[in-house]
Amino acid sequence: MAQSPITTRCDDFAAWYQDVVLQGDLAEPAEIVKGCMVIKPNGYAIWELLQHELDTRFKATGHKNMYFPLLIPESFLKKEAEHVEGFSPELAVVTIAGGKKLEEPYVIRPTSETIIGHFFAKWIQSWRDLPMLVNQWANVIRWELRTRMFLRTTEFLWQEGHTAHATHEEANEVVLRMLDVYADVAENVMAMPVIKGMKTQSEKFAGALRSYSIEAMMQNGLALQAGTSHDLGQNFGKAFDVQFQSKEGQLEYVWQTSWGVSTRLIGGLIMTHSDDKGLVLPPKLAPIKAVLVPIYRKDEEKAAVLEAAHRIAKEIGAKVDDRDGQSPGAKFFHWERRGVPVVLELGPRDLASGKIVLKRRDTGTKEPVDQSEVGAKLAAALDDMQKGLYNRAKDRMKANTVLANSLDEVESILKDVSAEKGGGKFVMAHIKDDPACDARLKEFKATVRNIPLVDEYDGPGKCIVTGEPVDRRAVIAKSY
RNA sequence: CGGGGCGUGGCUCAGCCUGGUAGAGCGCCUGGUUCGGGACCAGGAGGUCGGAGGUUCGAAUCCUCCCGCCCCGACCA
């Protein structure tokens, strides 16, 4: 064994995840910086593809990119009461700079509502300045107690959209539009099915009126909050005095939104598609879509094979793995671990027959195809793989979603679920949006993931805690 | 912060109990033979054994203190 083996998913799902990240050479723990990681080229390339998909959509919906300071005056956090309460436990604070104790410490941004609120106040005077639609690609720090690569690290990369509007209705439209954008990227780019829904009051963003999320199901059945979109109401507008004069001449506070997705998406991508052999990537997020491995024995074979390999690879946009001193077998394992969707094999036999062998990462199937058709076959395989991965994930989510009509039932389904052992389910149950109800679920470490925007079940029912009428079932699960 | 574990070449670890010239596998370098699912041979580079103190003729090994890291629990995109 040239490489240490990958722990199987059923042995220990959490260990499997670590192994896939490491063996896929996506990232490694920073070690010297607690809770942080180094994102390596293979991992960063995926992030760049995701960024591109998202950024294109942000711009198409009218947003412009900006950049705000990493450091925020500590007092800013305190201007919105719920916000400071929610974030203060996980803040990193700069108290000394330039060798001197600062008069007022700076916090390293955990999110930028406050500093952006400050600047919005400066830039917005009239209804003509609205809507203000900005996005920032940035890093943030949240001092988490327990970290896992990509899923939760002390420092992480994300984008945060921030908008200001004249009316609550308009702000709400943006909140839901961006949630749709996230769902679109999750499902059509990442091939990761999600449930769009509303967070409960106790799970909402600190300082928001309402939070919405997309929730995905990982292979161990745990939920992953993959993106959030918040209706901030006028909370930050009032805290930062962001006022504008309306058409009617009235001075009014703006209605704001914020929404974000992070490098956590990469963790979701891994836990949705990868297998016991390593990383599996949907073609749309594969930095390298196809690798051609040339096979030869003698020097005269080598020359002919390499010539053909480079010619074919150039036509179809594949990478040729012409490294010397590595056997073909070693190369197959190498690319398999890295999740390359298609590996092509070209050897003397193929040269003689005019064929080339096409192997898919998702199904493991090998098929000899005519060299003249390989471009079309590759495109078809990638397309089929993108759809196949989505369908497989969708089926899995359906198979692991169950209905429950009592708290006991929910508890018995979820109580023994863990990230390591798996067995997680999405339990659909009627439950009131009330912190007291959330608290009951917390007793066995489950949470309401969200209340789906679209009710795919049986409509109204009685709350499993209070017995009060509730208009639809919510998703209850254990989560990352 | 509570509970558990671990610090020895780049990586994974053995050696410690019972003190006596620092090892293995993988990786790396050089040369050659190989190559359709992790090739082989030969030669080679690389370690103040987490730190400090102590016991001893002699410490990776025994004793004391310190430091760091990982896992489990309480917080979270």
Side-chain angles (χ1 to χ4, degrees), chain A residues 1-6 12 14-15 18 22-23 28-35 85-91 109-111 138-148 150-160 182 199 202-206 211 213-216 223-230 258-268 277-278 293-299 301-302 305-306 321-337 343-353 355-357 359 364 366 368 418-421 442 445 447 479-480:
Chain A
M1 288 295 115
Q3 297 282 329
S4 54
I6 293 171
D12 183 340
Q18 289 262 2
L22 260 19
Q23 298 279 323
E28 65 179 54
E31 288 174 333
I32 47 163
V33 188
K34 186 173 152 51
E85 194 191 326
F87 280 103
S88 48
E90 43 190 270
L91 293 179
R109 64 179 161 224
T111 179
N139 57 338
V140 292
I141 282 187
R142 297 183 186 178
W143 214 260
E144 304 286 359
L145 294 171
R146 176 146 183 223
T147 58
R148 305 181 200 247
F150 290 113
L151 298 172
R152 177 169 301 104
T153 45
T154 300
E155 178 184 9
F156 58 93
L157 305 183
W158 77 344
Q159 61 66 218
E160 43 181 329
Y182 289 156
K199 285 290 189 185
S202 71
E203 291 279 329
K204 75 179 182 188
F205 176 76
S211 287
S213 71
I214 52 171
E215 301 283 334
L224 184 76
Q225 179 172 304
T228 49
S229 188
H230 313 292
S258 69
W259 27 276
V261 295
S262 71
T263 37
R264 166 181 268 194
L265 287 178
I266 296 172
K277 292 173 179 172
V293 175
I295 299 159
Y296 43 79
R297 273 179 245 261
K298 308 179 188 74
D299 276 351
E301 281 176 357
K302 178 176 177 178
V305 168
L306 282 181
D321 185 353
D322 56 3
R323 286 175 298 165
D324 253 339
Q326 289 252 38
S327 68
K331 292 177 182 178
F332 297 146
F333 279 99
H334 178 85
W335 298 113
E336 188 168 68
R337 283 197 305 272
V343 169
L344 300 156
E345 308 179 20
L346 186 72
R349 287 208 304 257
D350 306 298
L351 248 41
S353 63
K355 301 268 186 184
I356 185 166
V357 177
K359 180 169 185 197
K366 269 189 186 183
S418 73
E420 296 75 30
K421 290 180 291 182
K442 216 162 185 186
K445 290 167 195 158
T447 47
S479 73
Y480 277 100

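Residue numbers begin at 1 in each chain, while the letters A, B, ... track the order of the sequences. FYI, side chains are in, hydrogens and waters are out, and symmetry mates aren't considered; it's all heavy atoms of this structure.
Between the side chain of A:Arg264 and the backbone N or O of A:Gln225, at least one donor-acceptor pair lies under 3.5 Å. Side chain of A:Lys277 to backbone of A:Glu336: no donor-acceptor contact under 3.5 angstrom is found. With hydrogens and angles ignored, the 3.5 Å screen pairs a side-chain donor or acceptor of A:Arg142 with a backbone N or O of A:Pro110.
Rounded to whole angstrom, the span from the CZ atom of A:Phe333 across to the C1' atom of B:rG38 amounts to 5 Å. Whole-Å rounding puts the A:Asp12 CG to B:rC70 P distance at 17 Å. The interatomic distance linking A:Leu346 (CG) with B:rC35 (C1') rounds to 14 Å, in whole Å. Note: NE2 (A:His230) to P (B:rA77) measures 8 Å, nearest angstrom. In this structure, A:Arg323 places its CZ atom 13 Å from C1' of B:rC35, rounding to the nearest Å. Put simply, CD on A:Gln23 is 17 Å from P on B:rG38, counting in whole angstrom units. Taking atom CD on A:Gln159 and atom P on B:rA77, their separation rounds to 15 Å, with Å as the unit.
The separation of B:rU64 from B:rG47, taken at their P atoms, amounts to 32 Å, rounded to a whole angstrom. Rounded to a whole angstrom, the distance from the P atom of B:rG50 to that of B:rG7 is 8 Å. Taking atom C1' in both B:rU61 and B:rG23, one finds a spacing of 14 Å when rounded to whole Å. Rounded to whole Å, the separation between the P atoms of B:rG3 and B:rA39 comes to 48 Å.
Using a 4.0 Å heavy-atom cutoff across all strands shown, A:Phe156 reaches at least one base atom of the nucleic acid. A:Gly260 comes within 4.0 angstrom of no nucleic acid atom, judged by non-hydrogen atoms across all strands. Across all strands, A:Ser418 comes closer than 4.0 Å to no nucleic acid atom at all (heavy-atom distances). Using a 4.0 Å heavy-atom distance criterion, A:Leu224 is classed as making no nucleic acid contact. Counting non-hydrogen atoms under 4.0 angstrom, A:Glu215 reaches nothing in the nucleic acid. Contact annotation for A:Gln225: backbone-only contact, meaning every heavy-atom pair under 4.0 Å involves sugar-phosphate atoms and none involves a base.
For A:Pro328, the side-chain atoms get nearest to B:rG36 when compared with the rest of B:rA77, B:rG36, B:rC72. Checking B:rG36, B:rA77, B:rG38 against every side-chain atom of A:Val357, the shortest atom distance belongs to B:rG36. The side chain of A:Leu145 lies closest to B:rA74 when the candidates are B:rA74, B:rC35, B:rG36. Set against B:rA77, B:rC35, B:rG36, the side chain of A:Pro348 has B:rG36 as its closest nucleotide.
Atom OG1 of A:Thr263 sits about 10.0 Å away from atom CG of A:Asn139, to the nearest 0.5 Å. Between the CG atom in A:Leu265 and the CH2 atom in A:Trp158 there is a gap of 12.5 Å [rounded to 0.5 Å].
In this entry B:rC1 has B:rG73 as its Watson-Crick or G-U wobble partner, both defining distances falling under 3.5 Å. Base pairing annotation: B:rC65 forms a Watson-Crick or G-U wobble pair with B:rG51, both donor-acceptor distances under 3.5 Å. Across every strand in view, B:rU34 sits unpaired, with no contact that passes the Watson-Crick or G-U test at under 3.5 angstrom.
A residue-by-residue look at A:Tyr296 and A:Ala226 shows that A:Tyr296 has its nearest nucleotide of RNA chain B further toward the 5' end.
Between A:Lys445 and B:rG73 there is no side-chain polar atom (N or O) within less than 4.0 angstrom of OP1 or OP2. Residue A:Lys442 places at least one side-chain N or O closer than 4.0 Å to OP1 or OP2 of B:rC75. Contact check, A:Arg146 against B:rC75: no side-chain N or O comes under 4.0 Å of OP1 or OP2. Under 4.0 angstrom from either OP1 or OP2 of B:rC35 there lies at least one side-chain N or O belonging to A:Arg297.
The shortest heavy-atom contact between A:Val261 and A:Gln159 is N-OE1, 2.9 Å.
Aromatic stacking is not marked for A:Phe332 over B:rG38, as the cut-offs of 5.5 Å for the centres and 30° for the planes do not both hold.
Salt-bridge check for A:Arg349 with A:Glu301: failed, with every basic side-chain N at 4.0 Å or more from each acidic carboxylate O.
With hydrogens and angles left out, the side chain of A:Ser327 and the base of B:rA39 share no donor-acceptor pair within 3.5 Å.
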